[in-house]
Colleague: 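Please see the structure below; I have some questions.
These numbers come from the heavy atoms of this one structure, side chains and all, not from hydrogens, waters or symmetry mates. Nothing here was measured: the structure is a model prediction, and the numbers come from that model.
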Amino acid sequence: MSETVSFPSNGHSASGHLAVPASGQGPGVIVIQEWWGLNPQIKRTTDMLATHGLVALAPDLYHGELAEHDEMDKAGHLMSSLPADRAARDMSGAVDFLASHPAVTGSGIGVIGFCMGGMLTFLLAANRGDRIKAAVPFYGFPQGDGSPDYSGLTAVIRGHMSAHDDYFPASAATALEAQLQEMGKDVTIE
């Protein structure tokens, strides 16, 4: 069962795609979109997670804007013009909404993200250590000035990166893994 939901986001409103398993309850997971937006693929991924017993919520970080897979320039524009503070508020609002949803069991929330969403997965896990207990980023991570303060990170992170990626080099992923492990964080990046 899936539906579009609205939730408070730091004095504003945000929305997302919520999928609940047939059992009516399960652990919560936030699904973070790629640079295309909250497209049918991310909705299908969210629905698929529900078929595996998770209550999954994909927040719409572009507030209804989408780019098709043949619109690379538009996707790049949407990503680069996404206000970081609004994205952070929307993701945090999604965490709070999901954590208080009656279908969600357990005290922690997971997060999974793809590409831009992989990078945002790290940011959300670092900023919401109070709620995010598991994070699975796929092929993206913060670098340089975009790196968060990881001191509040409590999530177990299992990252999946590409061996050959000009934007997110394997050597930088390995360095991030080592940095977080030195901080005592439970992080593995494949």
Side-chain angles (χ1 to χ4, degrees), residues 10 16 27-39 41-42 45-46 48-49 54 56-62 67 72 75-96 98-99 106-190:
N10 195 31
V29 63
I30 301 292
V31 181
I32 308 295
Q33 69 192 42
E34 296 172 288
W35 72 338
W36 313 110
L38 183 55
N39 65 6
Q41 174 59 36
I42 294 298
T45 299
T46 304
M48 182 269 305
L49 290 168
L54 300 170
L57 173 61
D60 183 357
L61 300 180
Y62 290 163
M72 300 284 283
H77 172 73
L78 287 170
M79 181 180 70
S80 64
S81 61
L82 175 65
D85 60 330
R86 188 185 81 199
R89 286 192 311 268
D90 289 353
M91 290 187 303
S92 188
V95 168
D96 292 336
L98 198 57
S107 59
I109 299 293
V111 60
I112 184 171
F114 306 91
C115 200
M116 176 187 84
M119 181 187 64
L120 292 174
T121 293
F122 277 100
L123 296 175
L124 184 58
N127 292 330
R128 290 300 309 266
D130 62 320
R131 291 283 189 190
I132 301 297
K133 301 304 176 193
V136 183
F138 283 88
Y139 49 91
F141 51 89
Q143 301 179 71
D145 293 340
S147 294
D149 175 1
Y150 286 109
S151 62
L153 177 71
T154 61
V156 172
I157 295 179
R158 297 298 180 254
H160 303 275
M161 305 300 151
S162 172
H164 307 285
D165 188 324
D166 293 336
Y167 295 107
F168 302 103
S171 59
T174 302
L176 176 59
E177 177 187 52
Q179 171 196 350
L180 294 175
Q181 288 175 350
E182 287 172 15
M183 295 175 70
K185 309 301 181 182
D186 187 350
V187 176
T188 302
I189 297 177
E190 298 289 332

Colleague: If you take all heavy atoms of Arg131 and Ser107, which pair is closest and at what distance?
Modeller: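 That closest heavy-atom pairing would be NH1-O, 3.9 Å.
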Colleague: Strictly distance-based, threshold 3.5 Å: is any side-chain N or O of Tyr150 a donor or acceptor partner for the main-chain N or O of Phe122?
Modeller: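 Not at all, since once roles are kept as given, no pair shorter than 3.5 Å links the two residues.
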Colleague: Could you check if a side-chain atom of Arg89 sits within less than 4.5 angstrom of a side-chain atom of Pro83, using non-hydrogen atoms only?
Modeller: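 Arg89 does not reach Pro83 side chain to side chain.
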Colleague: Which heavy atom in Ala58 sits nearest to a heavy atom in Ile42, and how many Å separate them?
Modeller: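 In this case the closest contact between Ala58 and Ile42 is CB-CG2, 3.9 Å.
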Colleague: If you measure from CD1 on Ile189 to CD on Gln181, what distance do you get to the nearest 0.5 Å?
Modeller: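 So the gap between those two atoms works out to 8.0 Å.
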Colleague: Quick one: CG on Asp90 to CZ on Arg86, what's the gap to the nearest 0.5 Å?
Modeller: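 So the CG of Asp90 and the CZ of Arg86 are separated by 6.0 Å.
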Colleague: Crowded around His160 NE2? As in, over 12 foreign heavy atoms under 6.0 Å?
Modeller: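 Atom NE2 in His160 is crowded, with more than 12 foreign heavy atoms closer than 6.0 Å.
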Colleague: Atom CH2 in Trp35, atom OG in Ser80: separation rounded to 0.5 Å?
Modeller: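 So the CH2 of Trp35 and the OG of Ser80 are separated by 9.5 Å.
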Colleague: Please name the pair of heavy atoms, one in Met119 and one in Pro142, separated by the smallest distance, quoted to 0.1 Å.
Modeller: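 Closest approach of Met119 to Pro142, heavy atoms only: CG-N, 3.5 Å.
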Colleague: So if I apply the side-chain contact (heavy atoms from CB on, under 4.5 Å) rule between Val95 and each of Ile30, Asn127, Asp130, Val111, which one comes out positive?
Modeller: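 For Val95, the side-chain contact (heavy atoms from CB on, under 4.5 Å) check succeeds only for Ile30.
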Colleague: Name all residues meeting the ring pair (Phe, Tyr, Trp, His ring centres under 6.0 Å) criterion together with Phe114; count only those two or more places apart in sequence or in a different chain, and write none if there are none.
Modeller: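 Phe114 satisfies ring pair (Phe, Tyr, Trp, His ring centres under 6.0 Å) with Phe138 only.
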Colleague: With side-chain contact (heavy atoms from CB on, under 4.5 Å) as the test, would you mind laying out the steps for Gln179 and Val187 before giving the verdict?
Modeller: CA-CA 10 Å; Gln179 171 196 350; Val187 176; over 6 Å; no
Colleague: As an exercise, state the distance from SG of Cys115 to OH of Tyr167, rounded to the nearest 0.5 Å.
Modeller: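 Separation between the atoms: 9.5 Å.
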Colleague: Give me the atom names and distance for the closest heavy-atom approach of Leu61 to Met91.
Modeller: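 Looking at all heavy atoms of both residues, the closest pair is CD2-CG, 3.8 Å.
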Colleague: Report the C-alpha distance between Met116 and Trp36 in whole Å, list the side-chain angles of each, state the deciding distance to 0.1 Å, and finish with yes or no for side-chain contact (heavy atoms from CB on, under 4.5 Å).
Modeller: CA-CA 9 Å; Met116 176 187 84; Trp36 313 110; over 6 Å; no
Colleague: Locate the shortest heavy-atom distance separating Ile32 from Gly117; write the atom from each residue and the value.
Modeller: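 The answer is CG2-CA, 3.3 Å.
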Colleague: Where do Thr188 and Glu177 come nearest, in terms of heavy atoms and distance?
Modeller: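 Nearest pair, atom of Thr188 first, then Glu177: CA-OE2, 3.3 Å.
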Colleague: Using side chain to side chain donor-acceptor pair (under 3.5 Å) as the criterion, list what pairs up with Glu34, not counting sequence neighbours.
Modeller: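 For Glu34, the residues satisfying side chain to side chain donor-acceptor pair (under 3.5 Å) (neighbours in sequence not counted) are Tyr139.
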Colleague: First locate atom CG of Asp186, then atom OG1 of Thr154, and finally report the distance between them rounded to the nearest 0.5 Å.
Modeller: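 Atom-to-atom, Asp186:CG and Thr154:OG1 are 11.0 Å apart.
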Colleague: Using a 4.5 Å cut-off on heavy atoms from C-beta on, say whether the side chain of Val136 contacts that of Val29.
Modeller: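 Not in contact.
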Colleague: Measuring from Ile109:CD1 to Leu98:CG, what's the distance to the nearest 0.5 Å?
Modeller: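 Output value for this atom pair is 4.0 Å.
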Colleague: Between the main-chain N or O of Ala88 and the side-chain N or O of Ser92, is there a donor-acceptor pair closer than 3.5 Å?
Modeller: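 Not confirmed, Ser92 side chain does not pair with Ala88 backbone.
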Colleague: So which of Val156, Ile157, Asp149 actually passes side-chain contact (heavy atoms from CB on, under 4.5 Å) with Leu153?
Modeller: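 Between Leu153 and the candidates, side-chain contact (heavy atoms from CB on, under 4.5 Å) is satisfied uniquely by Ile157.
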Colleague: Under the criterion side-chain contact (heavy atoms from CB on, under 4.5 Å), I'd like the reasoning laid out for Leu82 against Met79: C-alpha separation, chi angles, the key distance, then a yes or no.
Modeller: CA-CA 5 Å; Leu82 175 65; Met79 181 180 70; 5.8 Å; no
Colleague: Distance-only, no hydrogens or angles: does the Thr121 side chain make a donor-acceptor pair with backbone N or O of Ala135 under 3.5 Å?
Modeller: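 Answer holds: no.
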